[in-house]
Amino acid sequence: MHVAQVCDEDPSPGFPACWLCDGVLIPVFNKRGRRGGVHGHARAPAASIGPSVSAFSKKPRSVEVAAGGPAVFEAETERAGVKVRWQRGGSDISASDKFGLAAEGTRHTLTVRDVGPADQGSYAVIAGSSKVKFDLKVIEAEPAEPVPAPAPAPAEAPAEAPGVPGEAPASATEVEGGSPSPKGSSSAAPNGSAAPDDPIGLFVTRPQDGEVTVGGSITFSARVAGASLLKPPVVKWFKGKWVDLSSKAGQHLQLHDSYDRASKVYLFELHITDAQATSAGGYRCEVSTKDKFDSCNFNLTVHEAIGPGDLDLRSAFRRTDSSEDAGVLDFSSLLKKRDSKLEAPAEEDVWEILRQAPPSEYERIAFQHGVTDLRGMLKRLKGMKRDEKKSTAFQKKLQPAYQVNKGHKIRLTVELADPDAEVKWLKNGQEIQMSGRYIFESNGAKRTLTISQCSLADDAAYQCVVGGEKCSTELFVKEPPVLIMRPLEDQLVMVGQRVEFECEVSEEGAQDGVELTREETFKYRFKKDGRKHHLIINEATLEDAGHYALRTSGGQALAELIVQEKKLEVYQSIADLTVGAKDQAVFKCEVSDENVRGVWLKNGKELVPDSRIKVSHIGRVHKLTIDDVTPADEADYSFVPEGFACNLSAKLHFMGELRLGWGGGGAPVAGPAFALVPAALPSLAEVKIDFVPRQEPPKIHLDCPGRKPDTIVVVAGNKLRLDVPISGDPAPTVIWQKTMTQGKKVPAGPAPEAPGDAGASDEWVFEKKLLCETEGRVRVETTKDRSIFTVEGAEKEDEGVYTVTVKNPVGEDQVNLTVKVIDVPDAPAAPKISNVGEDSCTVQWEPPAYDGGQPILGYILERKKKKSYRWMRLNFDLLRDLRHEARRMIEGVVYEMRVYAVNAIGMSRPSPASQPFMPVGPPSEPTHLAVEDISDTTVSLKWRPPEREGAGGLDGYSVEYCQEGCSEWVAALQGLTERTSMLVKDLPTGARLLFRVRAHNVAGPGAPATTKEPVTVQEILQRPRLQLPRHLRQTIQRRVGEPVNLLIPFQGKPRPQVTWTKEGQPLAGEEVSIRNSPTDTILFIRAARRAHSGTYQVTLRIENMEDKATLVLQIVDKPSPPQDIQVTEAWGFNVALEWKPPQDDGNTEISGYTVQKADQKTMEWFTVLEHYRRTHCVVSELIIGNGYYFRVFSHNMVGPSDKAATTKEPVFIPRPGAGPSLPPPGALGQAARGHREGARWVQPSRYKTLSPPGITYEPPDYKAMDFSEAPSFTHPLVNRSVIAGYNATLCCAVRGSPKPKISWLKNGLDLGEDARFRMFSKQGVLTLEIRKPCPYDGGVYVCRATNLQGEAQCECRLECLSDQAASSGTARGATGCQPCARSLREAGRVCAV
């Protein structure tokens, strides 16, 4: 039994769906022609063809030799004494008159003498694990110029002249390990003959695997038949998956093509010169025309060159004597001076090597150079790569790869350094021209390529070229999931028949499967017709039976193939016949297969048809007709079906004519004809015969005459013909009557038209019907010596007892004939389905109401999927019982069943279909059943859903328990529960119980999951313990109006008593609510108020054991405005303000103030200072002549105060021309007093006369204060220990002017670009946040501050502990403590100012 599947798990562009049989991939070619292959199923990885050292230094080449000449092949090995074998067609070649073998040192020669067409073919030479294949081609010698024997093939084959593809020898192919080269290779037709037809693909000769030494050259050639092509084919060479070699063509890689008009063959060559190690790998050649596509994969192996330093030590240890065992070992050759000297390796910069190497090689290079700190190496290397020289043409390059869904649009954008530079876009090395799908856009320095309606053809490599620079990317086109629109249907076939599975998917062209080539197999073929996909099995065998699945990215279709051996059923066998002379005999039989032919035999010999004997075959019916039967036709006749061990036999009985003769007593004798013999008569002189009229009573001549009825059986629909021979003189009258099987019993009376009897009879019979029609379906024909009763197309109503009566004046004779009409049975009633399982069910049915007159031989069962129209037979041997267990169904698929009844005549009509049903298996047992909690009367259980639920899903779970040592299970609850946990109540205390859980679905309960050990129903005492979460161990801050929800889990058994207090007093009031559960307690405040702030304590108590925890709740609000704002001084363009802190700080620290000013004219407020922490400030840069109001807001963590403290009177800035800049001392004092009193100061007009005309005030020059200061840490870093997995912070404070530049380092490596580390600097407080540290993040951390005045740094050691190490002690919070942060901010205020 096999299971076949089609796989399209994550379909990539260009890859076909794959059909699998029992998990084994059926090879199929995709649209690019690559064999095997979806997601790495059948293709060996490129790494598997690794380079290996060849045993040959010179390999034989393929040659073409004229017929009659010799062919010489030469091969040279690396060392002498190597055993070399030559093969042809896989068989070793030995020396003979035909083949000559020679070996001289490392040179080995194979000579083929008198070459003929039979010698043409493939040869191979094997040395060790290396095998080289080459070909010998024989061409006909031209009579005008006989071709001499060719010289041995040179080591380097000359290049093939263009246009003559048939003259170049094929390149040799070497496969390491003795594995043969791929099949399907062929050669071009020689001498310009027409290329052979290739029914498989386009290639005449495919490129073969090759080997080359580093620095050498190699050529791969492909020949394509062009006789049937209207245009030249398009050929592309690829390396790997997508690298198009046409874009790599240059000095070391050339592509050539030519066309031979004589042979109509295209030649395409790939020439690689100066091969390097990077040239090794897998290659692909693709050829395509308008309606055809083909491809071929081949590999190139590059061997390292053997240098002078490579020494064969075994050849150096040679003996002085030629004898193998004699002489002395000579070590002098090892001591000789060699020309090649080993030079000391040059100093290598490991960092330069790492910069140029791919990331996959980092570990190998580090191991070679002794680098142990891999993390430090990667950090440094990452920093070095950031310093790489930026592109001069691109400011922003393309991303390494893009992905787009099929049918969508994609934009590829680059940003140029020169906005006027010209840009070229390339696709797989070919320049893209603007079209409806490709749109070029230019916006400043940005250049965009837009691809609309992306298809699989757009899945390629793209490049943007600007001058001599280019940037590359790859575009991956993702196909949408392919859905199955019409699933597969089950198939039932006989051995040798053709099978075709058909499935329809949602998208045309979603799969790219094509028919398998002749290289693979004729077993499976694949076709694609639009959205329909076909899997074809040409000739089914018993091994092909199984489940076949088609998988796409969006679904799966499953069907079953049942293959049965050919078995012929006989619906109607031939019957014995008794016919008279010159009558017609017809033998007829009916078999189950209308395609079966057969042979008719007569007494074991084949019967030859002629004008009198005819053989016919119409559908399932086979007939043998014999006209004008003679005594010679009486024999045994048989019908033998071809191909089956079956024989249908019957006998033909001939009934001759009756003749009347005279007996010795003068009485008439009925019997065979006889004559009077004169010798038997007395000797008389004269014989006188008197004619007396003869009278003979009527007689019916049958094989079994008498009053006992004989039964004649006829099949319904067949012709019934009863020939009754009669005799009598005068000719009797024949009366046919049928006894009615239904009707009223009447006293038996005389027959119609018959003379009545003298006495009445007391016998009662059924009423009879006279049959006298001479035409129609039922007719009677009477002749002198016989009466023929014919029924055309016998029916059930024709069944009964027929009475034949013959009468004449001499007497009367009567015979009863019983006719039984047999037919196929009636259709049974619809079957009933029960005991539905995972892949089976039980089918029951009742016998048919009418068995057709023959006993029921058995039944035939069929099934189909509900949405399908194809019925599949489940049994070939008849079922004797009235029930059957059907198996091998697919779970989750809806089926219907029907049944046929079979008797000796044939098969009945099908019964009505059963009710639809779905095979669903019971679920598996639940997993991870565990006891969660135990009390004195309850047990809490929990479990997980079963691994397999079945197609019908889960209905619920049942829980049962029983006493230890008892087998009676008690249901824990009535019905089912849908939850995966349950509390079993009302259990006896101290009892030891086992519990089990079952999952239920429509198929019934599944296997139970049972506790491993009995559970004792007794509560276990457990000390109370509060598990205070980490975020509740510090001050809990909430804003006014916000809800407060504090959840504290705890442990303890029995259930502990929970008590909450605030400041030592029990909680009271409706605003604070406490909710307790068996495992946690919750403090809930719907809307927090300031009064809710304080210290809360929760106590957990069990008997005399308790546990306590303290929580500090701080409800914060916005602060009130500052107090007593006033202007303390005004001079020039400046005003000095002073105020007092707010009366209410909002229950939290004041974080700063915001100072604003407003012009008296516009009254628009502008912010002067933000986050200002002092209570006095100077507002400068005021406008002369304007009046100003000032106001101050206070801030805390909640936000700014709702109101501000505002100056009551405006402050005017005087103009310099209005009078002296400085008033007299008395005026200044008065102004100062007014200023202190809050009044505005204005220079009186009486002071104008005090200034002498022309004299102005000159302010003195002051030396600027130098505030520059070298960086210094006012609060250094401290050593920390943190818990792995929780965020950690390092804090310090620095001051300096100008503001220093901060950098963080770990173990000497800069952390600036690592995303796991975040740096903050606020008001001189420096913070480094480490996200979820691990033990590897421990080490020495350094904070470095630098400005123009100098540099300062501080360091600390961070230790990262695991959870187990931290559980022994109390770890500090990951975010640090708030008092510490406050002190740091205080220490860093200098920098903020």
Side-chain angles (χ1 to χ4, degrees), residues 834-842 891 920-1025 1027 1049-1058 1076-1081 1100-1105 1107:
S834 62
N835 300 332
V836 179
E838 179 181 357
D839 63 344
S840 63
C841 70
T842 300
E891 184 178 7
V920 177
S924 60
E925 68 275 4
T927 59
H928 300 87
L929 175 62
V931 178
E932 189 175 17
D933 194 11
I934 305 175
S935 69
D936 289 339
T937 59
T938 62
V939 173
S940 178
L941 302 174
K942 65 178 180 179
W943 59 88
R944 292 184 183 178
E947 296 180 354
R948 185 180 60 83
E949 297 181 356
L954 286 180
D955 294 339
Y957 302 92
S958 63
V959 181
E960 298 173 316
Y961 64 88
C962 74
Q963 295 279 350
E964 183 183 12
C966 181
S967 60
E968 182 179 357
W969 291 88
V970 181
L973 81 160
Q974 298 298 327
L976 303 178
T977 178
E978 296 182 356
R979 303 179 60 185
T980 57
S981 61
M982 183 180 176
L983 180 64
V984 184
K985 302 179 181 179
D986 302 330
L987 299 176
T989 303
R992 291 175 59 83
L993 304 178
L994 288 171
F995 293 86
R996 72 179 185 185
V997 181
R998 289 188 176 195
H1000 293 251
N1001 63 5
V1002 295
T1010 310
T1011 54
K1012 298 180 180 179
E1013 299 292 337
V1015 179
T1016 303
V1017 185
Q1018 184 176 357
E1019 191 157 21
I1020 302 173
L1021 184 63
Q1022 183 181 7
R1023 294 186 60 86
R1025 180 184 177 187
Q1027 298 175 342
F1050 59 79
Q1051 295 177 351
K1053 291 182 180 180
R1055 181 172 177 176
Q1057 181 183 0
V1058 183
N1076 298 325
S1077 72
T1079 58
D1080 55 41
T1081 178
L1100 208 62
R1101 183 183 301 276
I1102 299 177
E1103 297 178 357
N1104 58 347
M1105 298 178 292
D1107 191 13

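These figures come from a predicted structure and were not determined experimentally.
If you take CD on Gln1051 and CD on Gln1022, they are separated by 5.0 Å, rounding to the nearest 0.5 Å. Note that CZ of Arg948 is 4.5 Å distant from CD of Glu838, once rounded to the nearest 0.5 Å.
For the pair Pro923 and Gly1004, the tightest heavy-atom approach, listed with the atom from each and the gap, is CD-O, 3.8 Å. Contact record, Met982 with Leu973: CE-CD2, 3.3 Å, taken as the closest heavy-atom pair. Nearest heavy-atom pair across Asp1107 and Pro1024 is CB-O, 3.7 Å. The two residues Ala972 and Val984 have their closest heavy-atom pair at CB-CG1, 4.0 Å. The two atoms that bring Ser935 and Val1017 nearest to each other are O-CG1, 3.6 Å, heavy atoms only. Residue Pro926 comes nearest to Ala1009 through the heavy atom pair O-CB, 3.3 Å, listed as atom of the first residue, atom of the second, then distance.
Under the salt bridge (charged side-chain N to carboxylate O under 4.0 Å, His left out) criterion, Arg1101 pairs with Glu1106, sequence neighbours left out. When the side-chain contact (heavy atoms from CB on, under 4.5 Å) test is applied to Pro1056, the partners found at least two apart in sequence or on another chain are Phe1050, Leu1100, Ile1102. Residues satisfying the side-chain hydrogen bond (donor to acceptor under 3.5 Å, both in side chains) test with Asn1076, not counting sequence neighbours, are Thr1081. With sequence neighbours excluded, no residue forms a side-chain hydrogen bond (donor to acceptor under 3.5 Å, both in side chains) with Ser981. Listed by chain and residue number, Asp1080 satisfy the side-chain hydrogen bond (donor to acceptor under 3.5 Å, both in side chains) test with Ser1077 (two or more places apart in sequence, or in another chain). Evaluation of the side-chain contact (heavy atoms from CB on, under 4.5 Å) rule for Glu947 yields Ser924, Thr927 as partners, not counting sequence neighbours. The side-chain contact (heavy atoms from CB on, under 4.5 Å) test applied to Val1015 returns Val931, Ile934, Val939, Phe995, not counting sequence neighbours.
Listed by first then second residue, pairs satisfying side chain to side chain donor-acceptor pair (under 3.5 Å) with a partner in residues 959-969 read Glu960-Arg996, Glu964-Arg992, not counting sequence neighbours. Residues in residues 927-939 take part in these salt bridge (charged side-chain N to carboxylate O under 4.0 Å, His left out) pairs, two or more places apart or across chains: Asp933-Lys1053. Screening residues 1008-1017 for salt bridge (charged side-chain N to carboxylate O under 4.0 Å, His left out), with sequence neighbours left out, gives no hits. Sorted by first then second residue, the ring pair (Phe, Tyr, Trp, His ring centres under 6.0 Å) pairs that include residues 998-1019, not counting sequence neighbours, number zero. Residue pairs meeting the ring pair (Phe, Tyr, Trp, His ring centres under 6.0 Å) criterion with at least one partner in residues 933-956, sequence neighbours excluded, are Trp943-Tyr957.
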**OP:** Decide yes or no on side chain to side chain contact (heavy atoms under 4.5 Å, CB included) for Thr1011 and Leu929, but give the supporting numbers first.
**Re:** CA-CA 7 Å; Thr1011 54; Leu929 175 62; 4.0 Å; yes

Subject >> Residue pair Leu987, Thr938: steps toward the side chain to side chain contact (heavy atoms under 4.5 Å, CB included) verdict >> reply: CA-CA 6 Å; Leu987 299 176; Thr938 62; 5.8 Å; no

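Here the side chains of Thr1079 and Pro1049 are not in contact, with every heavy-atom distance at 4.5 Å or above. Looking at Pro1054 and Leu1021, their side chains come closer than 4.5 Å, going by heavy atoms from C-beta outward.
The number of heavy-atom neighbours closer than 6.0 Å to CZ of Arg1023, taken from other residues, nucleotides and ligands shown, is 12 or below.
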